[in-house]
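These notes concern the structure reproduced below.
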Amino acid sequence: MEKIKMTTPLVEMDGDEMTRILWQQIKDEVILPFVDLKTEYYDLGLVHREETKDQVTIDAANANKKYGVAVKCATITPNAQRVEEYHLSQMWKSPNGTIRAILDGTVFRAPVMVRGIRPVVRTWQAPITIARHAFGDVYRAAEYRVPGAGKAELVFTAADGTVHRETINEFDGPGVLQGQFNKDSSIASFARSCFQYAVDTKQDLWFSTKDTISKKYDHTFKDIFQEIYDAEYKDKFEALGIEYFYTLIDDAVARVIRSKGGFIWACKNYDGDVMSDMVSTAFGSLAMMTSVLVSPDGNYEYEAAHGTVTRHYYKYLKGEETSTNPVATLFAWSGALRKRGELDGIEALGRYADALEKATIDTIESGTMTGDLCAMWEGDAPACKVTSLDFLRAIRARLEAALA
Ligand code: NAP
Ligand code: MG
């Protein structure tokens, strides 16, 4: 079979631990035999981040901006223990945080669904994608532990010196205070990423905040979304037959639980943090959650939602057999290759990505899966636990048959 040719390179960001092992296995077993893979390779493994004083992460993010599409392996975010383990000269920042700061995007997380692994919520038939605004609010707040009686005020000094002042509370004893912020520019780019992703994936977009209580803060989010929708996306949505609708977060929670799925739910930073864990748990497994960062100017970075699966890696180093689930990482590759094909007009790449995803889902549905999935399997076929490599080989066999 002739391999599929690519024109523009994919930005490849390698990573750490067990997912680094899976990364190579995925390429060897299910990509390189079929695609004449063209990538610009960046090693974001912690060893190389240390060697380059983290410059490699910045270079990779800039390459993502240049070429438009990247695929990223999970990486270690160093903490004190990692500084010791890897003899780091500094506690390098989270690569995802660095990349997000350069691309300025929104993260969309969606589960891969298979028959035989039922969501906890019985009505969910299609994936629910959570879009989380990854800037500001409680994550960038100033806080103060109020020691005793006193008056708390909100003070804003404008660039021209004008002062706005209002009382928050007259404390009669100890308490707590918090000052949050967000910026119109960040809210607008969040909105554009959400609308664009809805158009790309032809799904309805829901957005929810608590604007009835937060009449200025949350209401501004609601207004900015509506203005951008009316001015830039209304026609596109109508042409595709998809819907944008805003609702109060309480109402959204109730509707999501009763829904069939198949839409995007945009959430403010904190809501998205909490709700994405709720939704991914209810869909089954973190190992089946995909994630894509979409920037407002149309750059895409695909990855798995889970981490480097350290516990499995230590077993692997001891020579033990591991059955780590490669699905989310594999779907990061298929998502990135499909997008590359779309942008470059290479239809064969899109067909290959579809076939790869179908072969993966069919393999699981036929009963061949990794250990994490066996534990929640309710399908007809008896579940057969295999190693990551055998799982990928089973996918490859199906893929060869499908593409022959
Ligand atoms: P994790 O790597 O997601 O793993 C947590 C546990 O979830 C694993 O021990 C495993 O459970 C299960 N799991 C996750 N992915 C799996 C898979 N593909 N197949 C099978 N089981 C899977 O989270 P962590 O252990 O908290 O973090 C490890 C490292 O990853 C940290 O250094 C952290 O900084 C990094 N991290 C990176 C990213 C990223 O790059 N996007 C995201 C999160 C964390 P069992 O052990 O019970 O089998
Ligand atoms: Mg969380």
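Atoms within each ligand, like the ligands themselves, are counted from 1 in listed order.
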Practice task
Output the distance between atom CZ (Arg109) and atom OG (Ser291), rounded to the nearest 0.5 Å.
Solution key: 6.0 Å
Exercise for the section: Ignoring hydrogens, just give me the one of Asn96, Thr19, Thr75 whose non-hydrogen atom is nearest atom 37 (C) of ligand 1. Expected result: Thr75
Problem - Side-chain donor or acceptor of Arg132 paired with backbone N/O of Asn269 under 3.5 Å - result: yes
Exercise for the section: Tell me whether the guanidinium CZ or amine NZ of Lys236 lies under 6.0 angstrom from the six-membered ring centre of Phe195 and within 45° of its axis. Expected result: no
Problem - Polar proximity ligand 1 side, Ala287 side, N/O cut 3.5 Å exclusive - result: no
Exercise for the section: Measure the spacing between OG of Ser334 and CG of Asp354 and express it to the nearest 0.5 Å. Expected result: 8.5 Å
Practice task
Considering heavy atoms of the protein only, find what lies nearest to atom 13 (N) of ligand 1 and give residue, atom and distance to 0.1 Å.
Solution key: Val309 CG1, 4.0 Å
Exercise for the section: Indicate yes or no: does an N/O atom of His312 lie under 3.5 Å from an N/O atom of ligand 1? Expected result: yes
Problem - Minimum-distance protein heavy atom relative to atom 28 (C) of ligand 1 - result: Thr310 OG1, 3.2 Å
Practice task
Could you list which atoms of ligand 1 come closer than 4.0 Å to a heavy atom of Ala74?
Solution key: 40 (O)
Practice task
Please state whether Arg82 comes within less than 4.0 angstrom of ligand 1, counting heavy atoms only.
Solution key: yes
Exercise for the section: Could you tell me whether atom 7 (O) of ligand 1 has a protein heavy atom closer than 4.0 Å? Expected result: no
Practice task
Look up atom 35 (C) of ligand 1 and tell me if a protein heavy atom lies less than 4.0 Å from it?
Solution key: yes
Give the table of side-chain donor-acceptor pairs shorter than 3.5 Å for residues 27-36, with sequence neighbours excluded, one pair per line with atom names and distance.
unit_1: Lys27; atom_1: NZ; unit_2: Glu12; atom_2: OE2; d: 2.7
unit_1: Asp28; atom_1: OD1; unit_2: Gln24; atom_2: NE2; d: 3.2
unit_1: Glu29; atom_1: OE1; unit_2: Arg396; atom_2: NH1; d: 3.4

Problem - From the candidates Arg311, Met289, Lys315, Met13, the one that places a heavy atom nearest atom 46 (O) of ligand 1 - result: Arg311
Handout entry: Tyr244/Phe207 aromatic ring centres below 6.0 Å
Key = no
Practice task
Would you check the N or O atoms of Thr77, main chain and side chain alike, for any that come under 3.5 Å of an N or O of ligand 1?
Solution key: yes
Exercise for the section: Provide the number and element of each atom of ligand 1 under 4.0 Å from a heavy atom of Glu303. Expected result: 41 (N)
Handout entry: Carboxylate-amine/guanidinium contact Lys234 Glu238, below 4.0 Å
Key = yes
Exercise for the section: Identify whether the distance between the nearest side-chain nitrogen and carboxylate oxygen of Asp380 and Arg115 falls below 4.0 Å. Expected result: no
Practice task
Around atom 19 (N) of ligand 1, find the nearest protein heavy atom and jot down its residue, atom name and distance.
Solution key: Asn325 N, 2.9 Å
Exercise for the section: Quick one: look up the protein heavy atom nearest atom 14 (C) of ligand 1 and list residue, atom name and how far away it is. Expected result: His306 CB, 4.0 Å
Handout entry: Cationic N near anionic O, under 4.0 Å, Glu166 to Lys216
Key = no
Exercise for the section: Consider every N or O of Thr308 and every N or O of ligand 1, then say whether any pair is closer than 3.5 Å. Expected result: yes
Practice task
Look at the side chain of Asp204 and the backbone N and O of Glu243, then say whether any donor-acceptor pair between them is shorter than 3.5 Å.
Solution key: yes
Practice task
Go through ligand 1 atom by atom and flag the ones less than 4.0 Å from a non-hydrogen atom of Lys72.
Solution key: 40 (O)
Problem - Verify atom 3 (O) of ligand 1: protein non-hydrogen atom under 4.0 angstrom away - result: yes
Exercise for the section: Counting heavy atoms only, name the option from Pro326, Gly307, Ser285 that's nearest to atom 44 (C) of ligand 1. Expected result: Gly307
Handout entry: Centroid-centroid distance, Phe225 to Phe190, less than 6.0 Å
Key = yes
